[in-house]
Asker: 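Shown below is the structure under consideration.
We count ligands from 1, going down the list as the structure has it; atoms in each ligand are counted the same way.
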Amino acid sequence: MSSFRFQKYGDIAAVRGFVKGDTVFLYKPEDIETVFRNEGTWPERISFKSIEYYQANVRKDIYDDLYSLVASNGKDWHKMRSIANPILNQIRSVEMYIPEIDCVSQDFIKRIRFLLDNKEEGMMPESFLNELNKWSLESVSFLGLDKRLGCLDNNLDSDSEVQKIIDAVHKSLEYMYKLEFELSLLQYINIKNRDEFVKHFDVIKNAFSKHIQEAKIRYENSSSESNKSMLQRFLSVNEKVANVLALDLLAAGVDTTGKSGGAILYFLASHKRAQNELRKELVTLLPNKDSPFTKETLANAKYLKASIKEGLRMGGIAAANFRTATKDMVVGGYQIPKGTLIHLCAYQNLFSEQQFPRPREFIPERWLRTNTSETSHKNTHPFVYLPFGFGARSCIGQRLATMELELLIARN
Ligand code: HEM
């Protein structure tokens, strides 16, 4: 649809919206830059209405006046982001999780080996993405709850708490998608979908609240001030903050990282040359494959980082972003009134010869500083490749996601 619109109307197009308001589609990197540079101190992005509804109406008693980052704008968003930034977005907080997230990645490999060894007994899952989502759920729930849930266990009982959480995550993401994105006027009156979403989200909320409560009791007896975990730091603000942020990690950190991990693994699996280069680098950095990864090893893994960047470029996850105009502005010679939804379309540029020579080829080398050939990304417009968004509203989990992906790919 996005390509069709671009081919038919060119760099800028507008669609009248009778329910949600007008939308402008921008394709030119210079215009995308204008929007980002004019987004103000409280940038607005369409929020997840389903989570907003849940927190503001269904469980108001729990969340009070705190809203998830993915479900708020303006003052509410700013309040939460100011609390979350110094905890989630700090290099030091991310680095302390390397050992445990490394273990999660190794457990993922063990799980895949188990599935392969038992494929004759019909153990192969219907979807590999579900397995990747279990890996990302295990990772983010450890970050938000200080506890390994056990999503990658081979013998999960269908009645176990963790299996119920996994099912509820899949179901609530499915209903969230229906409520947020399906092109249907019915979504506004689709009470059934909303009730289903609430039912599944309740399972997650209840389980998360229980783990947060348990952690709170554990920490009451701990006097250590150094190396506080993220959850300890959320809790030192208050328990509501811990609950809201745990849901943010879940809503924004499972599907995104799972799909990205899958895309990068796919490109490496189908590009032997890149795979060999990466292998060479990893064998040099970690001669004993069972040694743990450290922040130094990861910092030196340049080809690994380049492969991840290239996988995110080609893997679709960086294809678009959104802003709502917080003031009247002029973009590409057209007036865009305050309140207009702006669709920032990156996809065409990510595959344009002008921005990325040989754009359909998986070439991690484009991202290496040492690359001076024509494939280097140095001539790419800086507002073309923004997989984690831009500015004050950019992905708060970028560092965590990158570390998770590095460990997943390196261990595979
Ligand atoms: C490869 C994986 C990921 C990608 C590609 C990704 C990408 C993005 C993008 C494009 C945005 C919107 C940024 C903007 O509007 O400028 C975003 C927002 C967000 N992401 Fe991520 N993300 C990933 C993983 C994660 C993880 C693991 C977490 C949590 C640990 C996370 C938490 C969030 C949150 C809470 C927001 C909303 C931030 C706000 O509105 O203030 N993301 N992400």
Side-chain angles (χ1 to χ4, degrees), residues 32-33 35-37 39-48 51-52 66-90 93-94 97 101 104 132-133 135-145 230-231 234 241 244-265 305 307-324 326 341-347 350 383 385-409:
I32 293 175
E33 175 168 8
V35 171
F36 276 134
R37 299 255 183 238
E39 62 181 12
T41 38
W42 295 350
E44 289 202 10
R45 195 187 49 239
I46 37 170
S47 60
F48 284 167
I51 299 185
E52 188 184 327
L66 284 178
Y67 294 97
S68 279
L69 294 169
V70 294
S72 57
N73 274 308
K75 225 156 91 188
D76 290 334
W77 166 78
H78 185 249
K79 184 173 165 187
M80 203 61 206
R81 182 89 193 203
S82 313
I83 298 173
N85 253 349
I87 305 175
L88 276 169
N89 216 357
Q90 233 186 35
S93 351
V94 173
Y97 284 93
I101 299 298
V104 176
L132 281 158
N133 281 347
W135 156 78
S136 53
L137 174 61
E138 184 73 5
S139 306
V140 289
S141 49
F142 182 74
L143 300 170
L145 306 175
M230 286 190 193
L231 177 58
F234 296 156
V241 164
V244 171
L245 287 174
L247 286 187
D248 255 320
L249 297 190
L250 177 95
V254 174
D255 213 28
T256 43
T257 324
K259 281 207 177 92
S260 304
I264 301 160
L265 287 173
K305 289 180 197 300
S307 303
I308 291 172
K309 280 191 168 172
E310 184 67 342
L312 290 179
R313 178 184 75 84
M314 295 185 74
I317 197 91
N321 202 346
F322 303 90
R323 285 292 180 268
T324 304
T326 50
L341 174 63
I342 307 175
H343 198 124
L344 306 156
C345 313
Y347 184 83
L350 292 171
F383 281 76
Y385 176 80
L386 296 169
F388 294 99
F390 177 81
R393 195 91 215 219
S394 65
C395 176
I396 201 167
Q398 171 168 1
R399 290 201 168 99
L400 288 166
T402 308
M403 180 261 284
E404 285 177 45
L405 289 172
E406 286 173 359
L407 291 166
L408 175 83
I409 307 299

Asker: Compare Met230, Arg393, Lys259, Met80 and give the one whose heavy atom is closest to atom 13 (C) of ligand 1.
Answerer: Arg393
Asker: For ligand 1, which atoms sit closer than 4.0 Å to a heavy atom of Thr257?
Answerer: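 Checking each atom against Thr257, I get 2 (C), 24 (C), 27 (C).
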Asker: Tell me the side-chain hydrogen bond (donor to acceptor under 3.5 Å, both in side chains) pairs involving residues 76-88, sequence neighbours left out?
Answerer: Asp65-Lys79, Arg81-Asn85, Asn85-Asn89
Asker: Answer whether the closest heavy-atom distance between the side chains of Val244 and Phe234 falls below 4.5 Å.
Answerer: no
Asker: Please examine the side chains of Leu400 and Met230, heavy atoms only from C-beta on, and report whether any two atoms are closer than 4.5 Å.
Answerer: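 A side-chain contact under 4.5 Å exists here.
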Asker: Just say parallel, tilted or perpendicular for the rings of Phe390 and Phe383, cut-offs at 30° and 60°.
Answerer: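 It falls in the tilted class, 30° to 60°.
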Asker: Just which atoms of ligand 1 are under 4.0 Å from any heavy atom in Pro387?
Answerer: 5 (C), 7 (C), 10 (C)
Asker: Starting from atom 38 (C) of ligand 1, locate the nearest protein heavy atom and write down its residue, its atom name and how far away it is, to 0.1 Å.
Answerer: Arg81 NH1, 3.4 Å
Asker: Is the closest side-chain heavy-atom distance between Leu143 and Glu404 below 4.5 Å?
Answerer: yes
Asker: Under 3.5 Å between any N/O of Trp77 and any N/O of ligand 1: does that happen in this structure?
Answerer: yes
Asker: Going by the order shown, which atoms of ligand 1 are within less than 4.0 Å of some heavy atom of Phe390?
Answerer: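 Answer for ligand 1: 16 (O).
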Asker: Once you restrict to heavy atoms under 4.0 Å, what part of Asn321 touches ligand 1? Side chain, backbone, both or neither.
Answerer: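 Answer for Asn321: side chain.
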Asker: Considering only the protein, which heavy-atom contact is closest to atom 12 (C) of ligand 1, and what is its distance?
Answerer: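 Going by distance alone, atom 12 (C) of ligand 1 is nearest to Arg45 NH1, 3.5 Å.
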Asker: For Glu44, what residues pass the salt bridge (charged side-chain N to carboxylate O under 4.0 Å, His left out) criterion, not counting sequence neighbours?
Answerer: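 Per chain and number, Glu44 pairs via salt bridge (charged side-chain N to carboxylate O under 4.0 Å, His left out) with no residue.
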Asker: When you check the space around atom 21 (Fe) of ligand 1, which protein N, O or S atoms turn up under 2.8 Å?
Answerer: Cys395 SG
Asker: Taking 4.0 angstrom as the limit and counting only heavy atoms of Leu400, give me the atoms of ligand 1 inside it, by number and element.
Answerer: 30 (C)
Asker: Show the nearest heavy-atom pair for residues Asp248 and Val70, with the distance to one decimal.
Answerer: OD1-N, 3.2 Å
Asker: To check your reading of the model: name the closest protein heavy atom to atom 30 (C) of ligand 1, its residue, and the distance in Å.
Answerer: Leu249 CD2, 3.3 Å
Asker: What about Glu404: any of its N or O atoms under 3.5 Å from an N or O on ligand 1?
Answerer: no
Asker: Hey, could you give me each pair passing side-chain hydrogen bond (donor to acceptor under 3.5 Å, both in side chains) that has a residue in residues 386-400? Not counting sequence neighbours.
Answerer: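 Of all non-adjacent pairs touching residues 386-400, those that pass side-chain hydrogen bond (donor to acceptor under 3.5 Å, both in side chains) are Asn73-Arg393.
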Asker: Identify the two heavy atoms, one from Leu245 and one from Ala84, that lie closest to each other, and give their separation to 0.1 Å.
Answerer: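 Scanning both residues completely, I find the closest heavy atoms to be CD2-CB, 3.9 Å.
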Asker: Any nitrogen or oxygen of Ser260, main chain or side chain, under 3.5 Å from a nitrogen or oxygen of ligand 1?
Answerer: no
Asker: Under 4.5 Å between any side-chain heavy atoms of Arg45 and Asn321, yes or no?
Answerer: yes
Asker: Do Leu407 and Val104 have side chains that get closer than 4.5 Å, going by heavy atoms?
Answerer: no
Asker: What is the closest protein heavy atom to atom 16 (O) of ligand 1, and at what distance does it sit?
Answerer: Arg323 NH2, 2.8 Å
Asker: Using a 4.5 Å cut-off on heavy atoms from C-beta on, say whether the side chain of Ser260 contacts that of Leu405.
Answerer: yes
Asker: Report yes if the side chains of Leu344 and Phe36 come closer than 4.5 Å at any heavy-atom pair, otherwise no.
Answerer: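 Yes, close enough: below the 4.5 Å cut-off.
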Asker: For ligand 1, which atoms sit closer than 4.0 Å to a heavy atom of Leu69?
Answerer: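 With Leu69 as reference, the close atoms of ligand 1 come out as 35 (C), 39 (C), 40 (O), 41 (O).
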